[in-house]
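For clarity, every value in this text was computed on a predicted model and none was experimentally measured. Below, chains carry the letters A, B, ... as their sequence lines are ordered, and counting in each starts from 1.
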Protein chains: 2
Amino acid sequence: MKQTQKDRFVDAWGQMGSLWGLNTSMARVHALLIVSEDPLSLDAIAHRLQISRGNASMCLKELRNWGVVRRVKVRGDRRDYYLTEPEVWKMFFAIARERKRRELDPVLAALRELLGTLPQGASGQAVKRLKEMKDLLATLDAVASQVLAQEENARSALAFLAGGATRKKT
Amino acid sequence: MKQTQKDRFVDAWGQMGSLWGLNTSMARVHALLIVSEDPLSLDAIAHRLQISRGNASMCLKELRNWGVVRRVKVRGDRRDYYLTEPEVWKMFFAIARERKRRELDPVLAALRELLGTLPQGASGQAVKRLKEMKDLLATLDAVASQVLAQEENARSALAFLAGGATRKKT
DNA sequence: TTTAATATTCAGTATATTTTGAACTTACCA
DNA sequence: TGGTAAGTTCAAAATATACTGAATATTAAA
């Protein structure tokens, strides 16, 4: 893979990062690690992406929190090196898990709390909708929990549901 | 439902907007329509949420693009009135459909395009990962298409997968 | 067609997020 | 222990995003 192609991927992934819940720099760092054959040092990353060392440091920390990047040591080198999780499905589930935790869980908790404060016999269209919405989110939450607890099964199930789409050559 | 409780819901929903991919104002407008028994005018919305009419207008336009808000006419009144889609599951699928279109589809298209530019025999860990990622996204895309094409079936399937979680009282 | 009420647009402003870089911390080695 | 290479933090600056409100457009009644 040539240099310019890697760069194109890094920038494309960077722009798409926001859609996955990462900011541009985080996504570019992630992309660079995805297309790199070998682990990279913080310095190499900062230099290659033309971002500050401080920014690179924070992006790597956050990517490790998301569980999609690992820090490794190289013999005879004091620097830290970074690698992306090599299994794309593991990466996908790591991101899904984190987004559920950050986005779905708090919404559901807030809805339950809000419903808990209503008087017993509260009625009306608005209350009905709130309850339905809570049930919907609870369903999604339960499904997500099961899927995330059984990654391998979930992966097969998705491939099955897709109807062999993964076999096609694009 | 009392006034202050509605307000609390509106603000809570506003903060949660990011879950759905809406900004705070859009989410608050949406929330206000969710808890309102009757259709509201643009003026009423702007006044109630303390936002400008211009902002309210843009939020409503966008919410209509997402397919979660409808504009209705009231006899003998020149103003437009707005309603939220009353079925929460329809609302959920409308949002899911829109997010797939905005987020998943472009990423997949870009990945395919990038892979298409690689020389025939391109190899290496990086290329392998890109192909795996394309396959993963293609699988998700196929599953999403099928789910969105059959809302009712999908709804039952989700409830089944959740293992009756929706019956529990919170 | 004119007028007035309502709705939309968009340039400028306000707010929020991201990035920088210098100060600080840590870890290693002589 | 001091020196140094690497890593982290955070206040300030840069950038991106959202909001306002006046100008403009649209609509419907007169």
What is the distance, to the nearest angstrom, from the [atom1] atom on [X] to the [atom2] atom on [N]?
| X | N | atom1 | atom2 | answer |
| --- | --- | --- | --- | --- |
| Lys73(B) | dA7(C) | NZ | P | 7 Å |
| Leu49(B) | dT20(D) | CG | P | 10 Å |
| Leu22(A) | dT19(C) | CG | P | 12 Å |
| Met26(A) | dT18(C) | CE | P | 10 Å |
| Tyr82(A) | dT8(D) | OH | P | 5 Å |
| Asn23(B) | dT17(C) | CG | C1' | 14 Å |
| His47(B) | dT6(C) | NE2 | C1' | 17 Å |
| Arg28(B) | dC19(D) | CZ | C1' | 13 Å |

Give [X] one of three labels, base, sugar-phosphate or nothing, depending on what nucleic acid heavy atoms sit under 4.0 Å from its own.
| X | value |
| --- | --- |
| Ser41(B) | nothing |
| Arg79(B) | sugar-phosphate |
| Asp80(A) | sugar-phosphate |
| Thr24(B) | nothing |

Query raised in the report: Under 3.5 Å, is there an N or O donor on one side and an acceptor on the other linking the side chain of Arg78(A) and the base of dA5(D)?
Result: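 By the distance-only test, yes, there is a pair.
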
Requested in this report: Measure the angle between the two terminal helix axes of the helix from dT1(C)-dA30(D) to dA30(C)-dT1(D), five base pairs each, and quote it to 10°.
Outcome: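 Between the first-five-pair axis and the last-five-pair axis there is 10°.
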
Identify whether the distance between the nearest side-chain nitrogen and carboxylate oxygen of [X] and [Y] falls below 4.0 Å.
| X | Y | value |
| --- | --- | --- |
| Asp43(B) | Arg79(B) | no |
| Arg155(A) | Glu151(A) | no |
| Lys134(A) | Asp141(A) | no |
| Arg129(A) | Glu87(B) | no |
| Arg48(A) | Asp7(A) | yes |

Query raised in the report: Can you find a heavy atom in the side chain of Ile51(B) that is under 4.5 Å from one in the side chain of Val29(B)?
Result: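 Side-chain contact under 4.5 Å: yes.
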
Query raised in the report: Picking from Leu32(A), Val72(A), Leu63(A), Leu42(A), what satisfies side-chain contact (heavy atoms from CB on, under 4.5 Å) with Tyr82(A)?
Result: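 Option passing the side-chain contact (heavy atoms from CB on, under 4.5 Å) with Tyr82(A): Leu42(A).
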
Query raised in the report: Checking side-chain contact (heavy atoms from CB on, under 4.5 Å) against Leu60(A), which of Leu33(A), Asn65(A), Asn55(A), Asp80(A) comes through?
Result: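 Going through Leu33(A), Asn65(A), Asn55(A), Asp80(A) one by one, the side-chain contact (heavy atoms from CB on, under 4.5 Å) with Leu60(A) is satisfied by Leu33(A) alone.
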
Requested in this report: Could you tell me whether Arg70(B) atom CZ has more than 12 heavy atoms of other residues or ligands within 6.0 Å of it?
Outcome: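 Check fails, neighbour count at 12 or below.
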
Query raised in the report: Side chain of Leu42(A): nearest nucleotide among dT8(C), dG7(D), dT20(C)?
Result: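 Shortest atom-to-atom distance from the side chain points to dG7(D).
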
Report task. Return the residues of residues 53-68 of chain A meeting this criterion: a heavy atom under 4.0 Å from some atom of DNA chain D. Order them by number, or give none. Result ->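 Within residues 53-68 of chain A, the residues near DNA chain D are Arg53(A), Gly54(A), Ser57(A), Met58(A), Lys61(A).
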
